[in-house]
Amino acid sequence: MENKAKALTFIGFCVRARKITMGTGAVDCLKKGVYLILVCGTASDNCMSLAKKFARRHGCPLMLCKNGLDAAVHKDGVKIAAVRDENLAAAICSNADENFQLIPEA
């Protein structure tokens with residue numbers, strides 16, 4: 001299995017385990033337990049700045065999904081998602097390929 005499929009598989013595991021929160025409003029309500037912020041490659045500048053704010057707030061990495069986050073989570077219109085499982089977040093980060101990009105803190 002290639003890395004692209006692995007990263008997408010781990011995101012799918014998050015969805016099935018209900019360890020992912022989708023949408024800016026829902027992610028904004030989270031107080032703790034966030035280990036990775038995912039943002040869509042087609043997100044607007046405002047959405048990207050919100051994602052950076054969420055990543056700073058929770059002290060977690062921010063990852064850009066270049067092929068679209070809605071395809072990864074199988075839900076239309078999703079631009080921001082928060083992974084709430086530490087092991088799955090680490091697996092997604094370690095198996096990222098050219099379609100996923102870790103964004104350094106700004």
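Worth knowing before you read on, the calculation uses all heavy atoms, side chains too, and leaves out hydrogens, waters and symmetry mates.
Of all the heavy atoms in C65 and L38, the pair that sits closest is SG-CD2, 4.2 Å.
For residues 68-94, no residue pair satisfies the ring pair (Phe, Tyr, Trp, His ring centres under 6.0 Å) rule, not counting sequence neighbours. Sorted by first then second residue, the salt bridge (Lys or Arg N to Asp or Glu O under 4.0 Å) pairs that include residues 78-95, not counting sequence neighbours, number zero. The salt bridge (Lys or Arg N to Asp or Glu O under 4.0 Å) analysis of residues 18-47, with sequence neighbours excluded, yields the pairs D28-R57.
With sequence neighbours excluded, the residues satisfying side-chain contact (heavy atoms from CB on, under 4.5 Å) with C14 are I20, V83, L88, I92. Residues meeting the side-chain contact (heavy atoms from CB on, under 4.5 Å) test with L102, sequence neighbours left out: P61, M63, C93. Scored by the ring-ring contact (aromatic ring centres under 6.0 Å, His included) test, F10 finds F13 as partners (sequence neighbours excluded).
The hydrophobic cluster around I80 extends to V27, L30, V34, I37, V39, M48, L50, F54, L62, L64, I103, counting ILVMFWY residues whose side-chain heavy atoms fall within less than 4.5 Å of a member.
By the neighbour-count criterion of 12 heavy atoms within 6.0 Å, atom NZ of K75 is sparsely surrounded, having that number or fewer from other residues, nucleotides or ligands.
Placement of Y35 and L69 in two distinct hydrophobic clusters is found when ILVMFWY residues are connected by side-chain heavy-atom separations under 4.5 Å, directly or transitively.
Here the straight-line distance linking atom CD of E98 with atom CG of N67 works out to 8.5 Å at 0.5 Å rounding.
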